[in-house]
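Below: the structure, in structure tokens.
Fair warning: this is a prediction, and the values are worked out from it, not measured in the lab. No hydrogens, no waters, no symmetry mates; every other heavy atom, side chains included, goes into these values.
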Amino acid sequence: ENGHIPGWVPVEKNNKQYCWHSSVVNYEFEVALVLKHHPDDPGLLEISAVPLSDLLEQTLELIGTNINGNPYGLGSKKHPLHLLIPHGAFQIRNLPSLKHNDLLSWFEGCREGKIEGIVWHCNDGCLIKVHRHHLGLCWPIPETYMNSKPVIINMNLNKYDHGFDTKCLFSLFSKIDNQKFGRLKDIILDIN
């Protein structure tokens, strides 16, 4: 009725409403800033520039300074920092059953449960989404599972002929290419 598809909103390139989304996408070079597991080390997160063509037919979640209370402690109001996470990029190893008490125990007592929610991908194509707030639990929480993992920056932009705007997140991340941080909230970009 109002043009909104529950759980998914198309982002319009020049719409101010989506300025934080636009900060993580470079339409000229067709790349996006993405957070995912490092391909060679599942215990390590990686922030990299991913071609938009690699993200086709996917939905992604925007996280960062100005999104949902910034549970990951990214950036600051003066220097906002945002990233995209492909849905399904983080698979759960110790999956709880779909019983209320098991879910509650998992979210409250398991290190891996220090997340906003889970989406089950069922064999019949159905998706079941459970957020912490569905169980009466609060979000954001002080220490999230994603902030318990080290993160490395993989931002080699040499293959692009033209330079990125020096103040854009892509350029700022390229200055710290190959640097490793103890957790997401430890990332500091050289804004000068």
Side-chain angles (χ1 to χ4, degrees), residues 8 11 13 18-94 111-112 114-119 121 140 143-192:
W8 182 81
V11 174
K13 179 179 172 182
Y18 304 113
C19 64
W20 304 121
H21 293 82
S22 295
S23 73
V24 296
V25 176
N26 183 296
Y27 294 99
E28 180 184 352
F29 297 119
E30 299 180 345
V31 292
L33 285 174
V34 173
L35 174 68
K36 58 187 176 188
H37 281 292
H38 188 277
D40 299 326
D41 182 353
L44 180 64
L45 300 177
E46 176 184 84
I47 296 171
S48 60
V50 174
L52 293 178
S53 60
D54 290 358
L55 302 172
L56 292 175
E57 304 301 323
Q58 294 184 51
T59 57
L60 299 104
E61 180 114 2
L62 182 68
I63 64 167
T65 309
N66 298 298
I67 309 300
N68 295 333
N70 194 15
Y72 308 105
L74 291 170
S76 65
K77 289 293 179 190
K78 189 174 180 183
H79 303 293
L81 172 56
H82 298 88
L83 300 167
L84 290 170
I85 301 175
H87 287 123
F90 296 94
Q91 297 197 359
I92 296 169
R93 288 172 283 145
N94 302 312
R111 181 179 149 215
E112 203 177 17
K114 305 296 183 209
I115 58 175
E116 183 178 7
I118 306 173
V119 177
H121 296 253
E143 290 301 320
T144 65
Y145 178 62
M146 284 218 300
N147 251 331
S148 70
K149 295 180 160 288
V151 60
I152 191 164
I153 311 304
N154 182 3
M155 200 61 54
N156 184 345
L157 301 176
N158 293 335
K159 63 183 169 187
Y160 299 99
D161 295 335
H162 315 271
F164 284 77
D165 176 345
T166 58
K167 296 193 190 256
C168 78
L169 289 175
F170 292 90
S171 289
L172 296 173
F173 272 116
S174 72
K175 291 179 183 178
I176 57 171
D177 186 33
N178 283 323
Q179 277 193 9
K180 190 174 179 182
F181 297 87
R183 55 195 182 157
L184 285 171
K185 63 172 69 172
D186 293 340
I187 296 172
I188 298 171
L189 298 175
D190 181 12
I191 309 297
N192 299 322

Just verifying a value: how many Å separate [X] [atom1] and [Y] [atom2], rounded to the nearest 0.5 Å?
| X | Y | atom1 | atom2 | result |
| --- | --- | --- | --- | --- |
| Leu157 | Phe170 | CG | CZ | 8.0 Å |
| Thr65 | His82 | OG1 | NE2 | 4.5 Å |
| Gln179 | Met155 | CD | CE | 12.0 Å |
| Ser174 | Asn154 | OG | CG | 12.0 Å |
| Tyr72 | Thr144 | OH | OG1 | 5.5 Å |
| Met146 | Leu74 | CE | CG | 8.0 Å |

Exercise. For the side chain to side chain contact (heavy atoms under 4.5 Å, CB included) test, which of Leu62, Leu83, Leu81, Leu169 pairs with Ser23?
Worked result: Leu169
For this session: Quickly, which of Asp54, Ile85, Val24, Leu55 forms a side chain to side chain contact (heavy atoms under 4.5 Å, CB included) with Val34? Name it, please.
Result: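 With Val34 as partner, side chain to side chain contact (heavy atoms under 4.5 Å, CB included) holds for just one option, Leu55.
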Problem set entry | Residue pairs fulfilling salt bridge (charged side-chain N to carboxylate O under 4.0 Å, His left out) with at least one residue in residues 176-185, sequence neighbours excluded | Glu143-Arg183, Glu143-Lys185, Arg183-Asp186
For this session: Search all heavy atoms of Gly43 against all heavy atoms of Lys149 and return the closest pair with its distance.
Result: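 What the structure gives for the nearest pair is CA-NZ, 3.9 Å.
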Seminar exercise, completed: When every non-hydrogen atom of Ala32 is compared with those of Leu84, the smallest separation belongs to CB-CD1, 4.0 Å
Does any part of the side chain of [Y], heavy atoms only, come nearer than 4.5 Å to the side chain of [X], both counted from C-beta?
| X | Y | value |
| --- | --- | --- |
| Leu35 | Ile63 | yes |
| Val25 | Val31 | no |
| Gln58 | His87 | no |
| Pro140 | Glu116 | no |
| Trp20 | Pro80 | yes |
| Ile187 | Ile153 | yes |
| Ile92 | Ile118 | yes |
| Val50 | Lys36 | yes |

For this session: Before giving the answer on side-chain contact (heavy atoms from CB on, under 4.5 Å), spell out for Arg111 and Ser148 the whole-Å C-alpha distance, their side-chain angles and the decisive distance to 0.1 Å.
Result: CA-CA 9 Å; Arg111 181 179 149 215; Ser148 70; 3.2 Å; yes
Problem set entry | Sidechain-backbone polar pair: Asn26 side chain, Glu28 backbone, donor-acceptor under 3.5 Å |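 Flag set: sc Asn26 to bb Glu28 pair under 3.5 Å.
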For this session: Could you tell me whether a side-chain N or O of Ser171 sits under 3.5 Å from a main-chain N or O of Lys167, the two making a donor and an acceptor?
Result: no
Seminar exercise, completed: side-chain contact (heavy atoms from CB on, under 4.5 Å) filter on Ile188, not counting sequence neighbours, yields none
Partners of [X] by side-chain hydrogen bond (donor to acceptor under 3.5 Å, both in side chains), sequence neighbours excluded?
| X | value |
| --- | --- |
| Lys77 | Asn66 |
| Asp41 | none |
| Asn156 | Asn158 |

Exercise. Does any pair with a residue in residues 36-69 pass ring-ring contact (aromatic ring centres under 6.0 Å, His included), and if so which ones, sequence neighbours excluded?
Worked result: His37-Phe90
